[in-house]
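Along the sequence shown, the residues carry numbers beginning at 1. Counting starts at 1 for both ligands and their atoms, in listed order.
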Amino acid sequence: MTSVIGNLQQVQQRIAAACAAAGRPVDEVTLLAVSKTFPAEAVSEAFAAGARSFGENYVQEALDKIATLADLRRQLQWHLIGPLQSNKTRPVAEAFDWVHSVDRLKIAQRLAEQRPPPLGPLQLCLQVNISGEASKSGVLPAEAAALALAVTALPAERVQLRGLMAIPEPAGDAAAQRAPHRALRELMAAVNAQLQQAGRASRLDTLSMGMSADLEAAIAEGATLVRVGTAIFGGRSAPPRGEPSPCKWGGAGA
Ligand SMILES: *Cc1c(COP(=O)(O)O)cnc(C)c1O
């Protein structure tokens, strides 16, 4: 039996220790509790233990949970971290606070058109295929700056580009784990330089990287938001029917 409260405390201690080791203030790092495949009750439990930001991968599953937990809506933030198809952007624009998985302009355009103005801007990250794997989703590093320039030209009251997200390949030792996270940090600096050169007012300030297995390496390289599922909620079974597994090494047994 997994204790969400105990697990959450352990993860918070890992984050605090990693920040201390990196000489970073602990409040620079937001913990995103990844609740995909777990029921609304698990989210309530984590909420009661202090978690305020939740990450979901599957749109329909998330919408059901958001509806079930409508009473808490103003007190927590919902982040979509899984792949987003263009025919599902409307409910996402209407229900979420953040989308981390923007990998092409069309998705950002649709989210901007469909974001209800009273909600304020939807917060976006570009997902980057940092390891350059052919099978992975995400924009290639060489194309990230062009996409950032296009997304920051969309109406600022509808969408705000906040940063970059990556799901690096699993790596064994700490040094190998740090390399892709370092690459994402350097890419964000390069993108910001291009935004400045182009006269854009906006700058990226969010590095969404680090999961249960590698959050220390990510924090050492500047992560500002770590996405942690297994270490909080326990191992997962298969994704819901018809949904792709977004993250094969993050599943049950991890
Ligand atoms: C599932 C998932 C996570 C959490 O992974 P864990 O290894 O369970 O911590 C983080 N990010 C993304 C994009 C995921 O799909």
Peer 1: With a 4.0 Å heavy-atom cut-off (strictly under), which part of His100 contacts ligand 1: side chain, backbone, both or neither?
Peer 2: neither
Peer 1: Which ligand 1 atoms, with their elements, are less than 4.0 angstrom from a heavy-atom of Thr230?
Peer 2: 6 (P), 7 (O), 8 (O), 9 (O)
Peer 1: Applying a 4.0 Å heavy-atom criterion (strictly less than), which segment of Asn57 is in contact with ligand 1: side chain, backbone, both, or neither?
Peer 2: side chain
Peer 1: Please list, in number order, the atoms of ligand 1 under 4.0 Å from a heavy atom of Arg227.
Peer 2: 4 (C), 9 (O), 10 (C), 11 (N), 12 (C), 13 (C)
Peer 1: Show the atoms of ligand 1 that are less than 4.0 angstrom away from any heavy atom in Val228.
Peer 2: 9 (O)
Peer 1: Please list, in number order, the atoms of ligand 1 under 4.0 Å from a heavy atom of Ile81.
Peer 2: 11 (N), 12 (C), 13 (C), 14 (C)
Peer 1: Does anything in residues 154-198 form a ring pair (Phe, Tyr, Trp, His ring centres under 6.0 Å)? List the pairs, not counting sequence neighbours.
Peer 2: none
Peer 1: Looking only at distances, please establish whether an N/O atom of ligand 1 is found under 3.5 Å from an N/O atom of Met211.
Peer 2: no
Peer 1: So does Glu221 pair up with Arg185, basic N to acidic O under 4.0 Å?
Peer 2: yes
Peer 1: Under the criterion side-chain hydrogen bond (donor to acceptor under 3.5 Å, both in side chains), which of His100, His79, Gln160 is the partner of Gln123?
Peer 2: Gln160
Peer 1: So if I count the atoms of ligand 1 from 1 in the order they appear, which ones are less than 4.0 Å from some heavy atom of Gly229?
Peer 2: 4 (C), 6 (P), 8 (O), 9 (O)
Peer 1: Please report the C-alpha distance between Val102 and Leu84 in whole Å, then the side-chain angles of each, then the deciding distance to 0.1 Å, and finally whether the side chain to side chain contact (heavy atoms under 4.5 Å, CB included) criterion is met.
Peer 2: CA-CA 8 Å; Val102 174; Leu84 178 54; over 6 Å; no
Peer 1: Could I get the full list of ring-ring contact (aromatic ring centres under 6.0 Å, His included) partners for Phe54, not counting sequence neighbours?
Peer 2: Trp78
Peer 1: Would Lys65 and Glu56 pass as an ion pair if we require N to O under 4.0 Å?
Peer 2: yes
